[in-house]
Amino acid sequence: MNMIDFNDEFQKLSYRHSTSHIMAQAVKRLWPETKLAIGPAIEDGFYYDFDHEGTFTKEDLEKIEAEMKKIVKEHFPIERFELPRDEARKQMVEMNEPYKVELIDDLPADAVISFYRQGEFTDLCAGPHIENTGELRAYKLTQVAGAYWRGNEKNKMLQRIYGTSFPDKDQLKAYLDRIEEAKKRDHNKLGRELGYFTTVDYIGQGLPIMLPRGAKVLQTLIRFVEDEEERRGYLLTKTPFMAKSDLYKISGHWYHYRDGMFLLGDPNAVSKEGQPVNESEIYALRPMTCPFQYQAYLAENRSYRDLPLRYAETSTLFRNESSGEMHGLIRLRQFTISEGHLMCTPEQLTEEFKRCLDLASFMLDAVGLNDDVSYRFSKWDPNNKDKYVGSAEEWEAVQDTMRGILDELGLTYTEAEGEAAFYGPKFDIQIKNVWGKEDTLITIQIDFQQGKQFGMEYTDRDGIKKNPYVIHRTSIGCYERTLALLIEKYAGALPLWMAAEQARILPISDKHVDQAFAVRDQLRSQGLRVEVDDRDEKIGKKIRQAQMEKVQYMLVMGDKEVDEGTLAVRSRHDGELGALPIEDVIARLLDEVKRRVKHFS
RNA sequence: GCCGAUGUGGCUCAGGGGUAGAGCAAUUCACUCGUAAUGAAUAGGUCGUGAGUUCGAUUCUCACCAUCGGCUCCA
C-alpha cells in the first residue's frame with residue numbers, strides 16, 4: 001500500500017476527495033433515501049452536499065464517522081470506469097440520483113463520463129482518488145451547513161457536511177489544535193474583550209460601536225493614511241453621505257445596486273392624489289463615494305494639464321447587506337473606507353495604476369500585512385451581461401489593459417470571473433481571516449464607463465474634449481476590516497505606533513500615584529498615549545493585567561524611580577529592561593513609533 | 001435572504017415548570033506592597049424581546065431580534 005505524501009498536492013486532493021466519497025457512502029448506508037450532489041476536496045479538507053430530509057445533527061455526524069470506520073476496515077478497492085453518456089444517464093436515473101443526472105446533462109458533448117466504485121457505492125466523479133478505502137487513516141467531520149445546489153440561491157438548499165482528513169492521527173490533531181489556536185485570535189472575540197468595539201441589539205446588525213480603544217486605533221490609521229496620500233499628490237474631498245436618486249441614476253447604482261442601498265423615502269409610495277411619488281425626492285445613503293467625487297471633478301472645466309487628478313476621502317459608506325452577511329468588523333452595514341478616485345488620460349492610466357499599487361503595498365507593509373495577501377484579477381461574467389454597464393467590446397478591452405499592467409508588473413494573481421464591479425474590472429488584494437475565510441482588503445478598479453456617463457471631460461492638447469479614465473482605489477481598504485485583520489495578525493498586541501494605549505504607568509503603592517500622574521502628563525506632552533493604573537493593587541496584579549490587555553510598555557514607579565527620576569521599564573515583547581531616565585524612555589518609545597516597529601506574536 | 005447552532009448580572013459559565021447561582025470585573029474597607037492574581041465586605045440579573053400553553057414560565061411552544069458557523073452576496 002502506498003504511503004500518502006501530503007507535500008504532493010495531487011495525492012492530498014485524491015486522499016481528501018476519497019474521504020468525501022467514503023463519507024457519502026456512509027451517509028447512503030445510514031439514510032438510503034438521501035440524494036447525492038457534489039463532494040470535492042477543498043483547501044483544508046473536503047465537503048459533500050446532500051439532499052437530505054431534515055438536517056444532520058452532531059449525533060448524526062458521529063454515526064457517519066462510525067460508519068466510515070467500517071468502510072475503511074472493509075478495504076474496498078476504488079475502481080474507475082467510464083460509460084457512454086446515455087448509459088451513464090440511464091444508470092443515474094435508475095439509481096434515483098437526480099442531481100447526478102443534471103450534472104451529466106450539463107457535461108459538454110465530448111466529455112468523458114467517469115464513475116468511481118467502492119463496494120456497493122458508485123458515484124459519478126471525475127476523480128482523482130486513492131486506490132483503496134483502507135488507506136484512509138485519520139479524518140474528522142467538522143461541521144454541517146446549508147449550501148445552495150450549484151451555488152444558486154434560487155435552487156434548493158442542500159445539507160453540506162464539511163470534514164478533513166490527514167495521513168495520520170498526529171497530523172489531524174495538529175491541524176485541529178492549530179484551528180483552535182487561530183480562533184483565540186478571532187478579532188470578534190479579542191476585539192470585544194480588549195474593548196475595541198461592542199454591538200448593541202437595538203442599534204442593529206452590522207453597526208458596531210467603536211469604543212475609545214478601537215476608535216483611537218482607527219483615528220491613528222486614518223491620520224497615517226491621509227498624511228501619506230497628501231504626500232503622494234492626493235487632494236482631499238468631503239462629500240455628503242446621501243444624495244437624491246437622480247445621482248445614482250447617472251452612476252447606474254439605481255439600476256445595478258439598488259438592493260444594496262438604504263433608501264430614505266419610499267419609492268413605491270403614492271401621493272394623496274394617487275400620483276406615484278417623484279423619485280427625485282427619494283434619497284439614498286451612499287454605498288460608494290464615486291459619484292460624489294465626480295461632482296468635484298465636474299465643478300470646473302478641466303484641461304489635460306489638470307490630469308491626473310487624484311481625489312481622496314476618508315469616506316463613510318452604507319450598504320444594506322442582507323442579514324446573514326454581517327461578521328464582526330469584517331462585514332458591516334456602515335463602514336469607513338480610504339476612498340479615492342483618479343481621473344487621468346488613457347496615456348496616464350498605466351502609471352497611475354502602478355502608483356495605486358505602490359501606495360497599497362506601502363500601506364500593507366506599514367501595518368505588517370504584506371506577507372499575508374494574495375492577488376485577484378476580478379473580471380466580468382460575459383454570460384450575465386445585465387449585471388454590468390457597457391458593451392462586451394469595452395469590457396474585453398479594459399480587461400486586456402488591466403491584465404497587461406498586471407503582467408508588466410510581474411504579479412502573480414488568480415483570475416475570477418463574475419467578481420468585477422458593475423462598472424469595470426477590479427484588481428483585488430485578498431486576505432484570509434483566522435477562520436480561513438478570504439475577503440478583499442484592498443481593491444483598485446479601472447472604470448471606463450462613468451467618465452462618459454457623468455459627462456466628465458477634459459480638453460486635450462488638440463483642443464478636443466475627451467472623457468478621462470477613472471481609477472477607483474483604496475489605499476488601506478476599509479478601516480474596520482483592516483483593524484479586524486490587524487487584531488488577528490497581532491493577537492491584539494498592535495504595534496506601538498498604532499496602539500491605543502502605548503504605555504501604562506504602574507505605581508508601586510499609593511505614595512507614588514501623584515508622581516505617576518505627573519510623569520504621565522510629561523509623556524503625553526510628547527504625543528505618547530499613556531495611562532496610569534492607580535488602583536490599590538499589588539504590582540504583580542497590575543503587570544498581569546497590563547500584559548493581558550496587550551499594553552506594549554509597562555512603566556513601574558516606586559520609591560527608587562521617584563527619587564531618581566527614572567522608570568522601571570517592562571516591555572511586553574522584550575521583558576524587563578531595567579530603570580531608565582524618563583527622557584530615555586520617551587526617546588525609546590518615540591523612536592519605536594517613528595520606525596513603526598512590528599512584533600508578531 | 002437561506003440552512004444550522006446559540007442567547008442567564010460588564011465578562012466567562014452553572015442551573016432548571018414554583019419568580020436564580022459561581023468565578024473574574026466593579027464599589028468600599030484593611031494592608032503600603034518591587035515585575036503575571038493580597039484579604040474581607042457590598043452592590044449588581046423582570047434569565048434577548050413579544051405572544052401562547054399552564055394555577056404558575058427564565059425553564060415548554062411559536063414569532064421576532066441579536067450573535068456565531070456556512071451558502072448566496074460583497075470592501
Side-chain angles (χ1 to χ4, degrees), chain A residues 47 49 52 54-58 142-162 183 186 188-189 192-193 195 198-207 257 259-260 287-288 315 317 319-333 335-339 378 418-419 421 426 428-431 435 437-443 445 472 474 476-482 484 506-513 535-548 554-561 568-570 572 575-579:
Chain A
Y47 67 80
D49 286 347
H52 176 79
T55 59
F56 294 106
T57 63
K58 267 185 184 165
T142 48
Q143 57 178 330
V144 253
Y148 298 109
W149 166 236
R150 302 202 132 179
N152 185 334
E153 63 181 331
K154 292 191 176 68
N155 290 341
K156 181 164 187 185
M157 177 153 279
L158 308 174
Q159 299 299 315
R160 173 173 297 179
I161 302 179
Y162 283 95
K183 287 176 187 170
D186 186 349
N188 211 357
K189 187 168 175 290
R192 290 170 197 270
E193 278 171 15
T198 188
T199 48
V200 178
D201 279 10
Y202 35 80
I203 288 182
Q205 275 193 301
L207 300 168
Y257 205 81
D259 289 346
M288 300 178 191
S315 184
L317 301 183
R319 296 188 186 175
N320 193 5
E321 303 285 354
S322 24
S323 61
E325 313 295 354
M326 264 64 75
H327 170 72
L329 295 180
I330 301 255
R331 282 290 288 279
L332 302 173
R333 282 189 168 144
F335 55 95
T336 317
I337 192 162
S338 53
E339 185 81 278
S378 297
E419 294 289 341
K426 305 195 293 172
D428 296 321
I429 300 182
Q430 302 291 108
I431 191 157
W435 294 90
K437 185 155 176 161
E438 187 178 283
D439 269 301
T440 301
L441 189 60
I442 290 176
T443 175
Q445 307 162 3
H472 304 238
T474 168
I476 204 172
C478 159
Y479 286 99
E480 292 85 352
R481 180 176 288 183
T482 301
L506 310 178
I508 294 282
S509 81
D510 60 10
K511 286 188 302 198
H512 313 111
V513 167
R535 294 173 310 162
D536 195 2
E537 294 290 351
K538 287 191 164 176
I539 193 67
K541 178 156 184 173
K542 292 182 182 181
I543 285 169
R544 176 183 155 81
Q545 203 149 341
Q547 196 83 21
M548 289 195 306
M554 288 151 271
L555 308 173
V556 177
M557 277 183 74
D559 287 338
K560 183 163 165 272
E561 289 75 19
V569 180
R570 181 187 172 103
R572 183 183 158 76
E576 276 191 73
L577 301 174

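Below, chain A is the first sequence line, B the second, and so on; all start at residue 1. It should be emphasised that the depicted structure is a prediction, and the values quoted were computed from it without experimental measurement. These values consider heavy atoms only, across backbone and side chains, with no hydrogens, waters or symmetry-generated copies.
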Check your understanding: Considering all heavy atoms of both residues, which atom of A:Val513 and which atom of A:Pro507 are nearest to each other, and what is their separation?
Key -> CG2-CG, 3.9 Å
Exercise for review: Respond yes when some side-chain nitrogen or oxygen of A:Gln205 is under 4.0 Å from OP1 or OP2 of B:U67, and no when none is.
Suggested key: yes
Practice item. Considering only atom C1', compute the distance from B:G18 to B:A22 and round it to an integer number of Å. Key: 23 Å
Exercise for review: Would you kindly give the NZ-to-C1' distance between A:Lys542 and B:A37, to the nearest whole Å?
Suggested key: 14 Å
Check your understanding: Between atom NZ in A:Lys154 and atom P in B:G1, what is the gap in whole Å?
Key -> 16 Å
Review point. What does A:Ser323 touch in the nucleic acid at a heavy-atom separation under 4.0 angstrom: a base, only the sugar-phosphate, or nothing?
Key: base
Practice item. Respond yes when some side-chain nitrogen or oxygen of A:Thr474 is under 4.0 Å from OP1 or OP2 of B:A75, and no when none is. Key: no
Review point. Counting side-chain heavy atoms from CB outward, which of B:C33, B:U72, B:U35 is closest to A:Tyr148?
Key: B:U72
Revision key, fill the gap. Separation of B:C68 atom C1' from A:Trp435 atom CH2, nearest Å, is 7 Å
Review point. Is A:Thr443 close to A:His472 at the side-chain level, that is, under 4.5 Å between some pair of heavy atoms?
Key: no
Check your understanding: Would you say A:Tyr162 reaches B:C3's phosphate, i.e. side-chain N/O to OP1/OP2 under 4.0 Å?
Key -> no
Point to revise | d(CD, A:Gln143; C1', B:C68) in whole Å | key: 11 Å
Check your understanding: Given atom NZ of A:Lys511 and atom C1' of B:C33, what is their separation to the nearest angstrom?
Key -> 9 Å
Exercise for review: Using the C1' atom on both, measure B:C11 against B:U54 and round to a whole Å.
Suggested key: 35 Å
Practice item. Determine the Euclidean distance between corresponding P atoms of B:C2 and B:G9; express it in Å to zero decimal places. Key: 28 Å
Check your understanding: When you compare B:A5 with B:A41, how far apart are their P atoms, in angstrom units rounded to a whole number?
Key -> 43 Å
Exercise for review: Calculate the interatomic distance between A:Lys426 atom NZ and B:C73 atom C1'; express it in whole Å.
Suggested key: 11 Å
Check your understanding: Would you say A:Lys560 reaches B:C33's phosphate, i.e. side-chain N/O to OP1/OP2 under 4.0 Å?
Key -> no
Exercise for review: Determine: side-chain N/O of A:Arg535 to OP1/OP2 of B:A26, distance under 4.0 Å, yes or no.
Suggested key: yes
